[in-house]
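Right, one structure below, let's go through it.
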Amino acid sequence: MERTLSIVKPDGVTLNVIGEVISRFEKKGLKVKALKMLHLSKEEAKGFYIVHKERPFYGSLTDFMSEGPIVVMVLEGPQAISLVRETMGATNYKDAAPGTIRADFATDIERNVVHGSDSLESATFEIKYFFSAMEIF
Ligand code: CDP
Ligand code: MG
């Protein structure tokens, strides 16, 4: 069993696909173990994406991630990290496989609807960033 963190980003909330995204994960057999809606400050978005602090898109990405509410969740299942990444599709929606969330809903390389942890190490950091042990079921 593995746990991973996923986010419906502000564009996904505006596009009204919160349920659609969660449903796609559930259909893959993933279980929702924690869930909440929140609106990140710019500083909170910067902290979440700290691994990207040297990247040219860091400023724009953290503006985007703090522009409106998001939905964050912990998902659990066998190979949850890679399963969520497959369900999301490639970072650039133009490269995302047909039928993936990003292929279907993303509008820009940045505004790509969904986040998923990319490794066990990042999943551990990201889950702790949003949830205390008492909030995970
Ligand atoms: O989200 P993912 O792990 O697929 O990609 P990332 O390389 O960790 O980048 C994090 C986020 O930054 C992406 O999901 C995009 O929203 C944004 N990004 C961007 O705006 N321009 C890029 N060239 C790469 C990423
Ligand atoms: Mg990433």
Side-chain angles (χ1 to χ4, degrees):
M1 276 297 172
E2 215 170 66
R3 282 179 178 176
T4 189
L5 185 99
S6 183
I7 304 177
V8 181
K9 295 182 178 184
D11 60 331
V13 173
T14 301
L15 288 165
N16 214 22
V17 294
I18 299 169
E20 176 70 24
V21 169
I22 295 173
S23 179
R24 288 186 185 208
F25 293 142
E26 288 180 334
K27 284 181 181 133
K28 295 284 172 74
L30 292 157
K31 296 259 193 280
V32 176
K33 291 283 159 172
L35 182 73
K36 64 181 151 194
M37 191 171 208
L38 71 170
H39 188 157
L40 297 180
S41 67
K42 171 79 172 172
E43 286 309 309
E44 289 164 343
K46 285 170 80 175
F48 178 73
Y49 275 121
I50 194 74
V51 292
H52 291 320
K53 67 177 189 301
E54 308 298 342
R55 310 295 283 289
F57 56 81
Y58 185 60
S60 172
L61 172 62
T62 52
D63 280 346
F64 161 53
M65 289 300 290
S66 57
E67 78 179 22
I70 61 173
V71 174
V72 293
M73 69 197 89
V74 176
L75 297 166
E76 185 181 86
Q79 266 107 55
I81 295 169
S82 58
L83 187 54
V84 165
R85 299 284 306 184
E86 277 171 36
T87 310
M88 284 163 46
T91 306
N92 187 343
Y93 73 106
K94 290 180 180 166
D95 302 326
T100 59
I101 295 166
R102 284 167 167 173
D104 289 344
F105 302 113
T107 54
D108 183 90
I109 188 167
E110 179 172 89
R111 304 179 77 84
N112 59 5
V113 182
V114 68
H115 168 85
S117 309
D118 68 359
S119 65
L120 209 48
E121 191 189 9
S122 60
T124 303
F125 168 81
E126 292 174 0
I127 290 168
K128 268 196 130 161
Y129 197 79
F130 288 116
F131 296 100
S132 72
M134 283 173 64
E135 294 175 308
I136 303 171
F137 297 92

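As the structure lists them, so they are numbered: ligands from 1, and atoms in each ligand from 1. The analysis underlying the following values was restricted to heavy atoms, covering all of them including side chains, and did not include hydrogens, waters or symmetry mates.
Close contacts of ligand 1 with Glu110, meaning ligand atoms under 4.0 Å from a residue heavy atom, involve 15 (C), 16 (O), 20 (O). Ligand 1 places these atoms under 4.0 Å from at least one heavy atom of Arg85: 2 (P), 3 (O), 4 (O). Those atoms of ligand 1 that come under 4.0 Å of a heavy atom in Ile109, given as number and element, are 15 (C), 16 (O), 22 (C), 23 (N). The atoms of ligand 1 that sit less than 4.0 Å from any heavy atom of Asn112 are 13 (C), 14 (O), 15 (C), 16 (O).
In this structure, Phe130 and Phe48 have tilted ring planes: the angle between them lies in the 30° to 60° band.
Checking only distances, Thr91 does come within under 3.5 Å of ligand 1, N or O to N or O.
His52 NE2, 3.5 Å is the protein heavy atom nearest to atom 9 (O) of ligand 1. The protein non-hydrogen atom at the shortest distance from atom 24 (C) of ligand 1 is Phe57 CE2, 3.4 Å.
No side-chain N or O of Lys128 forms a donor-acceptor pair with one of Thr124 less than 3.5 Å apart. No donor-acceptor contact under 3.5 angstrom links the side chains of Lys42 and Ser66, judged on distance only.
In Arg55, neither the side chain nor the backbone holds a heavy atom less than 4.0 Å from any atom of ligand 1.
With respect to Glu135 and Lys36, a salt bridge is recorded, a charged nitrogen being found less than 4.0 Å from a carboxylate O.
Hydrophobic side-chain contacts under 4.5 Å tie Val51 to no other Ile, Leu, Val, Met, Phe, Trp or Tyr residue.
Using a distance-only test at 3.5 Å, with no hydrogens or angles considered, a donor-acceptor pair links the side chain of Ser117 to the main chain of Leu5. Between the Tyr93 side chain and the Arg111 main chain, no donor and acceptor come within less than 3.5 Å of each other.
Put simply, part of Leu61 is less than 4.0 Å from ligand 1, judged by heavy atoms. The closest approach between a heavy atom of Arg102 and any atom of ligand 1 is below 4.0 Å.
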